[in-house]
Amino acid sequence: MKRNWLETNLRAAWARAYVRIVGINRDLSWIFWEGVLPILSVAAYVFIYKALGAPEEYVGFVVLGGVMTAFWMNVLWAMAANWFFEKHGGNLEIYFQSPTHPAAILLGMAVGGIFATTLRAVILLVLGSWLFDVRFGTANLGLAFLAFGITLIALYGLGMMFASLYLLYGREAYHLSNMLQEPVFLLSGFYFPVKSLNFYVAAFGSLIPLTLGMDAVRQLVFGSELGWLPVPLELGLLTGLGILFLWGALWALKLMERLAKREGRLTLRWQ
Amino acid sequence: MAVETQAAQLVGPVTSPRPGSVRQAWRSFKWATWLGWVSESNWTDPWLFFIYALAKPISSALIVLVMYTVVARADVTSPLFAYLYVGNAFFQYVFQTSSGMAWVVLDDREWNRTLKFVWMSPVHIGWYFVGRSMAKVLVATLSVLVLLVFGWLVLGVKLNTVGWGYGLTAFAIGLAACVAVGLLLSGTLLLLANKGDYVSEGVGGLIYLLAGAVFPIDVLPAWVRPISLGLPHTYWLEGIRRGFVGGESMSPFLAQFSDGQVMLRLAAITAIWVTVSLLWFTYCRRRVAQLGLVDMVTMH
């Protein structure tokens with residue numbers, strides 16, 4: 001019974017991830033629209049720094065920030081707001097009627113999202129590095145990948161938590177995701193060292209895993225002069241955030257289930 | 001026949017405006033503006049709506065501010081900072097107007113599923129799209145005002161009070177350019193099955209890069225400059241800066257043009273873009289009707 005439960009949920013997670021791993025990559029135009037076109041906004045910020053005569057590593061910051069933008073947008077729209085859109089598409093009831101735990105669906109969304117976004121991020125990273133002649137230090141590359149991996153786990157844990165919480169909202173969900181773009185770019189230091197911000201502002205921004213993750217990766221590939229906190233501390237905090245958000249995702253699912261039974265409005269459309 | 005005569009007497013003469021008339025255009029624009037405003041704002045109370053609406057542009061301005069202070073050691077009294085700040089503030093109109101008109105197609109066709117009904121109604125569809133985006137123009141206006149006041153009072157951005165007439169004239173002409181780009185995008189999106197959101201965001205990003213919104217166009221590679229000079233937004237932002245900030249232009253290339261030359265170029269290039277956009281939109285409108293794509297749904 002236990003093995004069947006595990007197998008069923010893993011198969012459900014794979015089925016949900018399959019769409020994002022195979023389905024959306026069938027139309028190869030994504031290479032241009034999602035891999036190449038985002039270089040425009042990266043280029044704008046690069047030229048701001050060039051106009052200001054900034055040191056070269058700032059260009060690297062912008063390229064990395066552009067790469068991380070892809071992940072944040074995926075978390076906002078393909079994780080947090082996804083169940084809101086599924087509700088309007090009519091799929092949400094099907095998910096809850098299936099003999100799987102909703103967490104398996106969230107896991108599949110997260111795994112698929114990480115895979116699909118990483119493909120796009122790699123294109124953006126390679127293109128941006130080549131166009132703007134960005135050189136990355138390779139001495140701590142392994143640790144940088146580890147930091148990146150922990151960041152993604154924490155980030156998508158946040159996305160899984162938001163996915164359930166968003167169902168409490170009606171149309172506010174769309175507007176909330178819309179609103180959480182530029183403010184997060186600012187608070188998380190996407191295009192500048194987060195050290196430039198006031199300590200308490202940066203600490204608040206650290207609730208978004210990207211803040212600490214980007215700062216750690218930057219220190220490991222560009223040097224630690226412009227870093228905010230020591231890398232080991234940032235990795236520890238990221239691990240804590242990951243555990244917190246993954247637990248939060250399960251808690252939010254239980255809350256949503258309780259509310260669904262009590263209020264009967266979670267699958268109501270056009271609210 | 002007797003019933004129809006009685007019904008006509010009860011209803012009175014039919015007063016639908018003649019297709020293509022100024023009255024039809026005005027009615028289409030007016031009611032689409034109302035609809036756009038209601039659609040944008042009725043999901044929450046006004047205070048929360050304005051907080052949500054202002055968070056993005058203010059954050060965008062603060063990103064530029066922090067980038068500037070990180071490198072230039074907080075010299076916000078420099079003319080270069082005013083150049084960046086004012087250009088970034090006014091660029092909200094491009095995102096809101098041009099991309100906003102494109103999003104009307106996606107919203108009405110995919111989300112609300114009302115485009116086919118609007119298409120069949122006696123409205124001018126072009127003026128409908130323009131009117132629907134006016135709510136976003138209003139929000140952009142509010143955010144620009146907030147940013148200018150914040151920049152002037154808190155950051156010490158020196159605004160020029162003498163040239164506001166020039167600045168407002170440039171602004172009005174440039175707004176027409178933004179509407180022209182919006183018509184180009186909305187016409188294109190009527191024919192596109194998907195990727196519409198990427199097209200609208202991509203065009204906005206391209207103009208942001210090429211029009212010198214946050215840096216002088218002299219920083220761009222030389223081969224890109226002809227494209228920058230072909231955009232009305234380049235002269236629009238230059239005219240706004242000359243009007244509202246004053247002083248010498250931060251772009252050595254654009255500094256060679258007098259105020260009159262900038263305004264003339266802005267007007268001429270905007271006229272070309274408006275003409276092209278009207279022709280393109282008319283073509284797209286006919287093509288959509290021929291191909292039966294008005295009610296195309298792509299599960300966007």
Side-chain angles (χ1 to χ4, degrees), chain A residues 27 29-30 32-34 36-55 58 61-62 65 73 77 85 88-89 91 131 169-176 178-198 201 226 270-271, chain B residues 39-44 48-49 51-72 78 80-81 83-84 88 91 111-112 194-195 197-199 201-221 224 250-251 299-300:
Chain A
D27 177 6
S29 65
W30 70 264
F32 174 75
W33 296 113
E34 297 173 58
V36 174
L37 212 57
I39 202 73
L40 293 175
S41 56
V42 170
Y45 288 112
V46 167
F47 283 116
I48 293 176
Y49 276 137
K50 285 189 185 292
L52 296 174
Y58 283 85
F61 284 14
V62 170
M73 300 294 268
W77 295 108
F85 293 126
H88 287 271
N91 288 336
L131 273 175
Y169 292 100
R171 290 161 59 197
E172 296 94 327
Y174 170 83
H175 295 283
L176 186 61
N178 215 9
M179 193 196 72
L180 286 178
Q181 292 175 169
E182 276 80 357
V184 168
F185 297 163
L186 172 68
L187 289 174
S188 295
F190 270 57
Y191 301 112
F192 48 81
V194 74
K195 189 175 159 180
S196 318
L197 298 172
N198 172 272
V201 172
L226 294 168
W270 303 298
Q271 296 304 302
Chain B
S39 172
E40 286 289 317
S41 62
N42 73 351
W43 55 276
T44 187
L48 201 58
F49 167 72
I51 289 171
Y52 272 63
L54 293 178
K56 280 185 70 158
I58 289 175
S59 301
S60 171
L62 289 176
I63 287 172
V64 173
L65 169 65
V66 174
M67 288 174 74
Y68 182 85
T69 55
V70 160
V71 176
S78 158
L80 181 58
F81 179 72
Y83 186 95
L84 297 183
N88 186 63
F91 203 80
W111 192 249
N112 303 325
N194 49 24
K195 306 298 183 200
D197 46 349
Y198 294 110
V199 170
E201 302 294 332
V203 167
L206 193 63
I207 296 175
Y208 191 69
L209 178 65
L210 296 177
V214 283
F215 50 83
I217 61 170
D218 308 79
V219 179
L220 295 169
V224 170
M250 287 292 110
S251 165
M299 301 304 292
H300 175 268

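When reading the values below, keep in mind they use all heavy atoms of this one structure, side chains included, and skip hydrogens, waters and symmetry mates.
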What part of A/Leu197 gets within 4.5 angstrom of chain B, counting heavy atoms only: side chain, backbone, both, or neither? side chain
With only heavy atoms counted, which part of B/Ser60 is less than 4.5 Å from chain A, the side chain, the backbone, both or neither? both
How long is the span from the CD1 atom in A/Ile39 to the CG atom in B/Leu209, to the nearest 0.5 Å? 10.5 Å
Can you find a heavy atom in the side chain of B/Val70 that is under 4.5 Å from one in the side chain of A/Pro193? yes
Residue part contacting chain B, namely of A/Tyr45, when any heavy atom lies under 4.5 Å: both
Could you measure the distance from the CG atom of B/Leu210 to the CG atom of A/Leu40? Nearest 0.5 Å is fine. 8.0 Å
Interface moiety of B/Ile63 toward chain A, non-hydrogen atoms closer than 4.5 Å: both
Shortest non-hydrogen pair, B/Ala55 vs A/Pro183, comes out as O-CG, 4.0 Å
Side chain, backbone, both or neither of A/Ile48 within contact of chain B (heavy atoms, under 4.5 Å): both
Out of curiosity, B/Leu62 CG to A/Phe185 CZ, how far, rounded to the nearest 0.5 Å? 14.5 Å
Rounded at 0.5 Å granularity, tell me how far CD in B/Glu201 sits from CG in A/Leu37. 9.5 Å
Taking the inter-plane angle between the rings of B/Phe215 and A/Phe47 on a 0 to 90° scale, is it parallel (under 30°), tilted (30 to 60°) or perpendicular (over 60°)? tilted
My understanding is that only residues two or more places apart in sequence, or in another chain, count here; which of them pass salt bridge (Lys or Arg N to Asp or Glu O under 4.0 Å) with B/Glu40? B/Lys136
Interchain contact, A/Asn178 with chain B, by part (heavy-atom threshold 4.5 Å): both
Straight-line distance of B/Leu65 CG to A/Leu186 CG, nearest 0.5 Å: 9.0 Å
Select, from A/Gly189, A/Gly53, A/Pro55, A/Ala54, the one with the greatest count of heavy-atom pairs under 4.5 Å involving chain B. A/Ala54
On a heavy-atom basis, which atom in B/Val66 and which in A/Ser196 lie closest, and how many Å separate them? CG1-CB, 4.1 Å
At their closest point, which heavy atom of A/Lys50 faces which heavy atom of B/Val219, and how far apart are they? CB-CG1, 4.1 Å
Derivation and outcome, ring pair (Phe, Tyr, Trp, His ring centres under 6.0 Å), residues A/Trp30 and B/Tyr198: CA-CA 10 Å; A/Trp30 70 264; B/Tyr198 294 110; over 10 Å; no
